[in-house]
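What you see below is based on every heavy atom in this structure, not just the backbone, and it leaves out hydrogens, waters and symmetry mates. Given the structure is predicted, the values throughout are model-derived calculations rather than measurements.
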Amino acid sequence: MTKHRLGLHNWLCFYLSRTTRPFTTFPLPAEATSCVPKTPINHKTLCFSLAENLIVRGLLDSAQKVIQRIIKQSSSVSEAISAVEFSISHGVEPDATSYNFLIRQLVTSGETRKAEVVYVDCILNRGIELNHSVLNSMVICYCNLGKLEEAKLLFDKLLDMKLVPCSSACNELIKGFCGQDRILDGFDVFVEAINAEVLLCFSCYNKLVDGLCFRGYLDEALYVFDILCDRGVPPTVHLFKTLVRSLCKRDRVEEAQLLCMDMESFGFVLDKVMYTTLINSYSKTQKMKTAMMVFLRMLKLGCEPDKYTYNTLINGFINLGMFDKGWVLHQQMVEFGLEPDAVSYQIMIAKYCKDHKVDRALTLLDDMIQCNVAPSVHSYTALISALYKENRLAEVDNLYRKMLYTGLVPDHVVFFTLINNHPRGSEISLACTFLRAIAKNSCGIDLSYIPSPTSRKVTTDIMLDIDCLLGEIVARNLPLASIAFNIYIIALCLGGKLCSAQLCMDKMASLSLQPSLSAYNSMIKCLYQKGLLEDAKFLVDVMQDQGQVPNQATFLIMVTEYCKQGDIQSAFEVLDQMEESGLKPSVAIYDSIIGCLGKKKRIDEALGVFQRMLEAGIYPDETMFVTMINALSRNGRAIQAHELFDKMLEDGVQPSHYAYTALINGLVKKNMIEKGCVYLNRMIEEGFKPNTVLYTSLIKQFLRKREFEFAFKLVDLMERSEIERDLVTYITLVSGVSRNIRPLDGKWLVPQRRYEESKEMLFRLLHQSAILPKEKCLKILVSSQEQIKFLALCLINEVKNTPLMPNLYLYNGIISGFCWTGSMEDAYKHLDSMQNEGIQPNQVTFTILIDGHFRSGEIDRAVRLFNRMNAQGCPPDNIVYNTLIRGLCKHGRLMDALSLSYTMLKKGLAPSKASYESLLSSLCANNWSVHALKICHDMLVNKYVPCGHNLKLLICILDEENMWHEARFMYDLLLKKRRFMMNTS
C-alpha cells in the first residue's frame, strides 16, 4: 500500500471509528472469506460479496464498477465511505467516478472539510482529471468553507472547459461574495451565470441589487433587475424601493419615476415615502413643475402627504425665489392640520439668511421658540454663517452660547462653519470646545477635572484632554461618540495632523463606528494636499467598501487638488468617472477644471468644457461666469468675454463686483478702453464701488503697456480714495516696474488721440466714484531707464516699510528688480531674507537670478546656480533650461548650449522656438553645418519652422560645403514658409 493510500485509509478508519459500522480496516488475503456481515443479508451485502469474488478472481475492472454502483446507491455518507474503505482494504483503488460520488455526498451532507480532504488527496494529488460534477461540488464546498478565491478559480475552470456551472454553484458563489462585501465580484459571477443561461434563486437577485445600490453601482443594479424581470421572476416592493431611492440619490429622478410606473404595473401602490422621495429629487434639481405634478397625483390617489412632503415642496419653491407659491403650500399644510415644525421654520430662516435679511431670520428664531418649537442645529448653523458674512462676530458668540444652553448637540456642519472663520491653527482647540459641549449637554459628564482649552495651552495637551473626553463619551453614549470622533478627525485633517487622524479613524473601527462622509472627505483632501495621491485613491475605495458612496464634495476635492497641481488629465478622468457612475458633476467641479485650463492658456479646451457642462443640463452660476470671463479676458479674447457677460445678464444672473472687474480688465488689455468705461459706469450705477482688485488689475495692464504716468495716476487716485494696497497690489507694482527696467527694442508707440481720450474717461469715472475734490494728481514722468530704476528701488523700499508679510511672488518681483538694475548682491541679500523667513525659492526665482548673471556677464556663476537647483530640491523646468541655453549662446559657450539642449531632450523636455533659433543662429555663425542640420531636424520634429534669416544663413553654408541635397531641402522649406506667410497675410 502506498503512502497516499495509507493516509486516506487512516482517515477513513478515523471516520468509521465514530460510526457503528463493523467493517475491518485491514486488507484481506485473496483466499479469505468476506468481511461483510452475513446478517442481515440484503442487496448491498450481496454487492460487497460479488465485488470480493471478482477481486479474488482478478477481475478488478468489474469489481471497480460494482463498488462504483455501491457508492452511487449509498443512502448515507457513512455507507459511501465504507465502500471506499472496502475497496482500498482489498487493494483496489476507487476510480474517479467513485470519488466524485463520494465528494458530492460529503458536500450535500455538510461534511465540507472532509470533502476538501478527499478532493486534495485523492483527486488533485493523484492527477485525476476533473470533471463537471467534481468542479461544481467543490465550488459549493469552498463557498461553504469561506474560501471564495479557490471557489472562483474552479468556477473559472468550469467556464474555460466550456462546461455549464450548476445553479447551486452559482448561487453559493454569488451569496459568498455578497456576504464578504465583494459585490462587484458577485456581479461578475452573475453575468457569467446569465450568459450560461443558469437559473438563479431570488435571494441572489435581491442581495446583488441591495449591495450594488448601497455602493452606488446603479447601472449594474438596474441590469440585475432587468434580468430578473426578463426571466419572469416577480420583483418585490423592497427591490423597487431600493432602486428608486438610489436613483433619486444620484439625481436620476426621471428614471426613478419610470421605475415607479413599472412598480404600479405589477400591482404595487406607491406609499408616502416614495412620493416624497420623488418630489424631493425634482425639487433639488429645480424642476418644481414636475414635483407639483407628482404631488397632485399623490393627492389624487388618496395618499396623504405629511410635514416632510410639504416642507420639501416649500423649500424647492423658496430656493427658486417663488416665495408666494411656497407660502400657499404653507397655508395648505396648516389647513390640513399639519402645524409647522422645526424644518418649516428652518427653511424660512435659511431663505432670509440667503437674502441677507439676518435680522428677520433672528426674529423668526425667537418666534419659533415662543411657539414651543425647538430649533434644530441647522437653523443655528444658517444664522451663524450669515452673521459671519456680515462681520457680526459678537452676535455669533452669543448665538452659539444660546444653542448650547438649549441643550443642542453641535455637529460637524456647525464645526465647519465656525472653523472657516477662525484663525488657522485653532482647529484642535475649537474641536475640544465642541467635544466639551457634547460631553456636558448629552452625556452629563462632569468637566471640572478637564480644563478648558486656552490660547496659551499647548496643542499636545489639548489633544490629551480630547482623548480623555472621547473615552468618557464612548463609555456613556456610543452614537454621540461617533459625532465626536468625526468632529475630531475633521479638525486633525484641517490642522494637517494626518497620522493622528488616521489613528483616530482606526479607533473608530475598533469600536465598530463608521466615519461620516465629511470625515472621509477631510482625510482625502489632507492626503491629496500632502501629495499622497495613491493613498487618497485607496481611501476612496475603502470608503466605498464600507458603504459610503462618494458625493459631489468627494469628487470636488479630487478635481480641485488635481487642478492645483496642474494635473488636468487626472481631473478629466475624475469627471468621466462621475458621469459613468451616473452622478452629475456640480458647477463647482466644472469651474475648477475651466479655471485650471484658463491659467494654462488652453482656452479652446476651456470653452469645450463649458459647452459640455451646458449639454449635460448644468447651468452656470455667477461664479462660473466669472471664471469663464476671467479665462477669456486673460487670454486676449475680450469680445467673447463681453458676449458671455451679456449672456449672463440675459439669463437673469446678477453680476458681482468680480464679474465686472474681470470684463473691464479684459477690455482694457485689448485697448477697448471705451467699452470698458461703459461697464465701469454700469458697475458704479449698480452700487459697486471700485476696490483694490479693480485698481490693481488696471494698474497691471497700464504697466504692461509701459504707460507709467497713467499707471501711477491710478496709484495716486487709489491712495487718495483711501483704498488700501494689498500684497497683490505691491507685487503688481514691483513686478511691473522691474519688468520694464530693461530697454525697449525699437521706438515707443505714440498713442492715438481717441485712445488718450478713453483713458481720461476711465480716470474721470474712477475719480467721480471716489467723491474727491478735483485736485491736481501726482505726475510721474518716466523718460529714461535710470528713472525707472529709481522708481523700482523706491517701491522696494516702500514694501519693506509696510506691515504686509511678503510672499514668494513679491520676493521674486523684488529680486527681479535688483537683477535688472544690476545689483546682484542686493538680489542675493533678499534671497537670504526670503529663506530666513521660511520661504523657499522656486524655478522662477532661479530663472531671474540666472538671467541676471548672464546680463552681468557672470556666466560661470549662472551655471553654478543652475547646478545648485537640484541640490536645493528645485529641479529645473523648461523655462530655466531655455534661459540658460539662450544665455550660453549669447556669450559664445556654444558647445555647452548644445549639450544642455540634448540633456533637455533626454529628460523629456524640449527647447522653445526662441532657444532653437538662438542655437541655430550661433551654429551658422560658427559654420557648424552638421550640428545646425541636426537642430533644424529637431525643430521640425517639434513642429517649429526656422525663421527665414537662419534658413538663408544655413543654405549659404551648405552650398559652400557642397551639401547641395541638404541645401535644396532647406531652400524648399524657405519657399514653403514664404508661401504660408503670404497666404496668411
* **All pairs passing salt bridge (Lys or Arg N to Asp or Glu O under 4.0 Å) where residues 627-641 contributes a residue, at least two apart** => D604-R637

* **Ring centre gap for Y562 and F572 strictly below 6.0 Å** => no

* To do: Can you sort out the partners of Y902 under ring-ring contact (aromatic ring centres under 6.0 Å, His included), two or more places apart, ordered by chain and number?
  => none

* Taking ring-ring contact (aromatic ring centres under 6.0 Å, His included) as the test, write out the residues that go with F854, two or more places apart. => H891

* To do: Applying side-chain hydrogen bond (donor to acceptor under 3.5 Å, both in side chains), name anything that partners N927, two or more places apart in sequence or on another chain.
  => none

* **Partners meeting side-chain contact (heavy atoms from CB on, under 4.5 Å) with F555 (sequence neighbours left out)** => P550, M558, V574, Q577, M578, L583, I589

* Would S633 and N630 count as having a side-chain donor-acceptor pair, cut-off 3.5 Å? -> no

* Structure fact -> Applying side-chain hydrogen bond (donor to acceptor under 3.5 Å, both in side chains) to T627 and not counting sequence neighbours gives D591

* What is the ring orientation for Y828 with H853, classed by angle as parallel under 30°, tilted 30 to 60°, or perpendicular over 60°? -> tilted

* Do the side chain of T883 and the main chain of I879 share a donor and acceptor less than 3.5 angstrom apart? -> yes

* Residues in side-chain hydrogen bond (donor to acceptor under 3.5 Å, both in side chains) with T661, at least two apart? -> H657

* Applying side-chain contact (heavy atoms from CB on, under 4.5 Å), name anything that partners K497, two or more places apart in sequence or on another chain. => I428, T459, M463, L492, S500

* Asked: Quick one: salt bridge (charged side-chain N to carboxylate O under 4.0 Å, His left out) partners of D832, sequence neighbours excluded?
  -> none

* Could you verify whether a donor N or O on one side chain and an acceptor N or O on the other, from N671 and K705, lie under 3.5 Å apart? => yes

* Contacts of F610 that satisfy ring-ring contact (aromatic ring centres under 6.0 Å, His included) - sequence neighbours left out -> none

* To do: Identify, with sequence neighbours excluded, every residue that meets side-chain contact (heavy atoms from CB on, under 4.5 Å) alongside V880.
  => Q843, T847, I850, F866, M869, P876, D877

* Asked: In chain order, what residues pass the side-chain hydrogen bond (donor to acceptor under 3.5 Å, both in side chains) check against Y944, with sequence neighbours excluded?
  -> none

